[in-house]
Participant: 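Have a look at the structure that comes next, please.
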2 protein chains.
Amino acid sequence: MTTTMFTRSVSDVAAESGVAPSAVRFYEQHGVITAIRTAGDQRRFDESAACRIRVAKVAQRVGLTVREIADIFAALPADPQPADWGRVATTLIAEAESRTAALKSYLNDMRGSGRLCEIDV
Amino acid sequence: MTTTMFTRSVSDVAAESGVAPSAVRFYEQHGVITAIRTAGDQRRFDESAACRIRVAKVAQRVGLTVREIADIFAALPADPQPADWGRVATTLIAEAESRTAALKSYLNDMRGSGRLCEIDV
DNA sequence: GTGAGCCTTCAACATATGTTTAAGTCAAGC
DNA sequence: GCTTGACTTAAACATATGTTGAAGGCTCAC
């Protein structure tokens with residue numbers, strides 16, 4: 001069993017995930033990623049950090065807030081396994097589809113409802 | 001043919017759409033809705049204003065910005081007809097589904113790509 | 001053990017999305 | 001004609017999502 005290695009610095013994770021170092025610190029402050037500290041108080045991340053950030057950026061595009069994403073990621077254990085990521089993926093997709101369904105439903109209802117925002121296909 | 005009537009005040013539209021009067025002014029500033037002015041410089045909206053706002057609120061939930069929504073609504077003529085709303089609805093749904101597809105695609109790709117964010121179903 | 005290049009925190013700034021408040025205008029009923 | 005209530009603009013405030021800059025500390029390769 002390999003112990004989780006917290007070897008990445010802020011700039012490592014920034015480079016791996018394609019965001020600015022300031023964003024990496026921001027995501028840590030808001031619980032999207034977590035870090036341990038070195039004796040000299042520097043952050044060290046494990047390999048899942050860059051992954052969490054990349055997923056978070058895509059999730060933000062479907063309307064999820066950083067807080068909501070952090071809440072969903074709370075289900076990920078330390079050293080997440082593929083199955084853990086799978087459950088998170090399912091949750092994220094369900095949320096995105098739910099919001100799209102709400103949009104479709106609202107737009108569809110417009111068609112039916114009297115003179116209220118009449119709509120046609 | 002009925003000429004479009006700009007009869008609603010800010011508070012009328014706020015009540016009809018379920019947002020605060022300040023939000024109605026905000027959406028006008030950002031092009032989500034448009035108004036004419038009375039001789040006394042007060043805003044008057046047509047019946048589509050409350051509808052635009054309600055649709056905008058649902059669209060924001062799938063990640064569209066106010067700017068993006070205003071751009072999509074730019075396709076609506078004065079006194080929009082059901083068919084006009086239908087085209088806007090199609091555009092909004094396509095955008096929402098595109099973003100959800102991007103999320104799914106990204107999460108799905110994670111599964112395949114080596115040791116990069118391994119994921120399993 | 002030292003210098004270059006990271007890292008730290010904190011505060012200010014920037015943009016998006018609004019709300020609140022202040023000071024003043026306008027319309028309508030009494 | 002005066003009061004009342006809704007309207008106007010402008011600025012300040014609030015939250016979310018970051019970026020930038022200053023002042024200083026840590027690490028690693030040499």
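Keep in mind that what you see is a predicted model, and the values were worked out from it rather than measured.
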Participant: Testing the basics here: between B:Q60 and B:Y27, what is the closest heavy-atom pair and its distance to 0.1 Å?
Facilitator: OE1-OH, 3.3 Å
Participant: If you compare all heavy atoms of B:A35 against all heavy atoms of B:F45, which two are closest, and at what distance to 0.1 Å?
Facilitator: CB-CE2, 3.5 Å
Participant: Taking all non-hydrogen atoms of both residues into account, name the closest pair between B:V13 and B:S17 and its distance.
Facilitator: O-OG, 2.7 Å
Participant: Considering the terminal five base pairs at each end of the helix from C:dG1-D:dC30 to C:dC30-D:dG1, what angle separates the two local helix axes, rounded to 10°?
Facilitator: 10°
Participant: I need the CZ-C1' distance between A:F26 and C:dT15, as an integer number of Å.
Facilitator: 13 Å
Participant: Any side-chain donor paired with an acceptor under 3.5 Å for A:S105 and A:N108?
Facilitator: no
Participant: Tell me, for nucleotides 5-10 of chain C in 5' to 3' order, what letter each nucleotide earns: B for a base near a protein heavy atom under 4.0 Å, S for only sugar-phosphate near one, - for neither?
Facilitator: -SSBS-
Participant: Give the rounded distance in Å between these two atoms: CD of B:Q29 and P of C:dT17.
Facilitator: 13 Å
Participant: Would B:E68 and B:R99 pass as an ion pair if we require N to O under 4.0 Å?
Facilitator: yes
Participant: Measure the distance from CZ on A:R67 to C1' on D:dT15 and round it to the nearest whole Å.
Facilitator: 12 Å
Participant: In whole Å, I'd like the distance from the CZ atom of B:R8 to the P atom of D:dC7.
Facilitator: 14 Å
Participant: It should be established whether B:Q60 places a side-chain nitrogen or oxygen under 4.0 Å from OP1 or OP2 of nucleotide C:dA16.
Facilitator: no
Participant: Would you say the side chains of B:K57 and A:Y106 form a donor-acceptor pair under 3.5 Å?
Facilitator: no
Participant: If every non-hydrogen atom of A:I33 is compared with every non-hydrogen atom of A:V24, which pair is closest and at what distance?
Facilitator: CD1-O, 3.6 Å
Participant: Just the rounded figure in Å: distance from P of C:dA16 to CD of B:E68.
Facilitator: 11 Å
Participant: Salt bridge or not between B:K104 and A:E97? Use side-chain N to carboxylate O under 4.0 Å.
Facilitator: yes
Participant: Identify, between B:T38 and B:L64, the residue whose nearest nucleotide on DNA chain C lies closer to the 5' end.
Facilitator: B:L64
Participant: Counting only side-chain nitrogens and oxygens, does A:Y27 get under 4.0 Å of the OP1 or OP2 atom of D:dG18?
Facilitator: yes
Participant: With a 4.0 Å cutoff (strictly under), does any side-chain N or O of B:K57 reach OP1 or OP2 of C:dG18?
Facilitator: yes
Participant: Just by distance, do the side chain of A:R52 and the backbone of A:V32 share a donor-acceptor pair under 3.5 Å?
Facilitator: yes
